[in-house]
Amino acid sequence: DLGRLYRLLSEVEELAALRTTWAQTVKWLGAQIMQSASDAEQSKGVVPALIGLRAKLTEILVVAFDGASEFALSMKDAFEDILIAGNQNVPAKLLARHVDEVLRAERACADAELEATIADLLGIFRYLSAKDAFEAFFKKDLAKRLLLQRSTSEDAERMMLERLRDECGGGYTSKIEGMVRDIDLSKSVLADFSSNPDVRAALDDAGLEFGVIVLTSGLWPPQPTAGGAVLYPPVVSKLQEMFAAFYKAKHAGKSLKWSSLLGQCTLRASYESLGRKELVVSVLQALVLLLYNKSDRFTATDIQQATGMAAADLHRTLQSLALHKTVKLLSKEAKAREIADYDVFTLNTSFTHKLYRIVVPQIGVKEAHEEEALTEQRLFEDRQHEVDAALVRIMKAQKTLAHQALVGEVSAAVRFAATPADIKRRIESLIEREYLERHPTQPATYNYLA
């Protein structure tokens, strides 16, 4: 029916009304989907619904409207309007979260299927105005996938990065690619380190495996750090010192800072009733559990003195080991959830689990919503810096410019939809810091101060 209507109207050159109705329909359908964006559970279906809507509309565009460029442009504009309504960061955050789910999916898929999935994701990505917000949330999720080895396919990660680079250019993906490069370089650095005879002897004597990932601080999103001076077992401290000496000899002028909150350990445990188990734990969880090779009973104060953990890190670690519903490796004598210095923790000898390799859950330093709030705060600060840089760059070139012209040039220069009010605030800030001044006789015009 749409096809016949299109052909009839095209004969009399009256397609404008149909194109307007088409755009309005696309906006209405998209708005219905975006109503779920504010609900924590329902928002998970927003991106798949948008992908499905885009696929259906593309089919209509090709079959009914003969792929007419005017109708394609109306569809593009309508989708962009859908995604800029309300908080522009929300669609970017939801898309980044869906990409993370796709790249962490346990079900392996063929290359053709993976390419089609990524193409669908990029189809929605093109409509985003806040592409910098997508980058910030994507980097946050990528860091977890890389550091905690949650990505199921390196090829999928590289394919996603290649498509983003093709779409936005190398500048957009430079830091993201740097994160992946850090992982690759760390593998070669670790291989060189492990080939040293002294290192091999130390590892053989200790009966453990040692892995290190060296992160370039300017490339990665800010990571949580442990409070206090964490005390590692002597054999681990020795290996850390050996690696630090090896790395500094290879990279003069660079310093290393160990991050105990980002590490992961695999412990082998023997239970009388269960036999041998492998426990995948955080570094702080491992430090606590290793104490129970010496005794079956410790107070929270004993554990803090033995590990050097800050109180907040200790409390989160003990809660994760003693209060989880299914993976409870320690027993807490007091029933309260809060941890007191005098609380006693004993090894849970009645622990049972059907799996041989058990991933022990952690309590993060920050919950997911707090992480997202921090990401948005850093994004806001980055945007301020980007607007400031654009203002200074434009004014340095122009020397004198009217307010409206300056706002227009800045809006075109930045990667996100900056409102005139936001730009005006940054202009006021630059005037206060004496980068700009108002024209003496024309208040709506600014001069650059060299």
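For this chain, numbers begin at 1 and follow the sequence in order.
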Heavy-atom side-chain contact between Val410 and Val387 under 4.5 Å: yes
Please report the shortest heavy-atom distance between Glu338 and Asp343, naming the atom on each side. O-OD2, 3.6 Å
Salt bridge (Lys or Arg N to Asp or Glu O under 4.0 Å): pairs with one or both residues in residues 145-158, sequence neighbours excluded: Asp100-Arg145, Arg145-Glu157, Glu154-Lys187, Arg158-Asp184
Would a 4.5 Å heavy-atom cut-off, applied to side chains only, mark Lys131 and Leu128 as touching? yes
Under 4.5 Å between any side-chain heavy atoms of Thr346 and Leu330, yes or no? no
Are side-chain heavy atoms of Asp388 and Val392 found at a separation under 4.5 Å? no
Any side-chain to backbone donor/acceptor pair from Asp66 onto Ala68? Under 3.5 Å, distance only. no
Side chain to side chain donor-acceptor pair (under 3.5 Å) pairs, two or more places apart, involving residues 287-306: Arg297-Glu333, Thr299-Asp302
Which atom names give the shortest non-hydrogen contact between Ala78 and Val26, and what distance separates them? CB-CG1, 3.6 Å
For residues 201-215, which residue pairs pass the side chain to side chain donor-acceptor pair (under 3.5 Å) check, not counting sequence neighbours? none
Any side-chain to backbone donor/acceptor pair from Lys44 onto Pro48? Under 3.5 Å, distance only. no
Tell me if a side-chain donor or acceptor on Arg54 pairs with a main-chain N or O of Asp120 at a distance below 3.5 Å. no
Using modelled atom types and a 3.5 Å cut-off, is there a donor and acceptor pairing between side-chain atoms of His324 and backbone atoms of Val327? yes
Using the ring of each side chain (for Trp, its six-membered ring), is Phe243 parallel, tilted or perpendicular to Tyr247, with breaks at 30° and 60°? parallel
Taking atom CD1 of Ile213 and atom CG of Leu262, what is their separation to the nearest 0.5 Å? 9.0 Å
Verify ring pair (Phe, Tyr, Trp, His ring centres under 6.0 Å) between Phe65 and Trp22, making sure each step is shown before the conclusion. CA-CA 11 Å; Phe65 302 146; Trp22 163 250; 5.0 Å; yes
Could you go through the ring pair (Phe, Tyr, Trp, His ring centres under 6.0 Å) check for Phe345 and Phe298 one step at a time? CA-CA 5 Å; Phe345 295 85; Phe298 292 96; over 10 Å; no
Any idea which heavy atoms bring Ala92 and Phe134 closest together, and the distance? CB-N, 3.5 Å
Any carboxylate oxygen within less than 4.0 angstrom of a Lys/Arg side-chain nitrogen, looking at Arg126 and Glu80? no
Is it true that Ser174 and Arg165 share a donor-acceptor pair across their side chains at a distance under 3.5 Å? no
Pairing donors with acceptors under 3.5 angstrom, does anything connect the side chains of Ser350 and Asn348? yes
Glu101 side chain vs Ala96 backbone, donor-acceptor pair below 3.5 Å: no
Minimum-distance pair of heavy atoms, taken over all atoms of Asn89 and Ala133: OD1-CB, 3.5 Å
Can you see whether Asp422 engages Thr419 through a side-chain donor-acceptor pair at a distance of less than 3.5 angstrom? yes
Where is the tightest heavy-atom contact between Leu190 and Gly211, given as atom of each residue plus distance? CD2-CA, 3.7 Å
Looking at every non-hydrogen atom in both residues, tell me the closest pair between Phe210 and Gln240 and how far apart they are. CZ-N, 4.3 Å
Checking Gln32 side chain against Leu29 main chain: does a donor-acceptor pair fall under 3.5 Å? no
Could you check whether any side-chain N or O of Thr173 sits under 3.5 Å from a backbone N or O of Ile176, counting only pairs where one atom can act as donor and the other as acceptor? no
Is the side chain of Ser186 donor-acceptor paired with the backbone N or O of Val214 at a distance under 3.5 Å, no angle test? yes
Can a side-chain donor-acceptor contact be found between Ser320 and Arg316 if the only test is distance below 3.5 angstrom? no
Charged tip of Lys277 within 45° of Tyr356 ring normal and under 6.0 Å: no
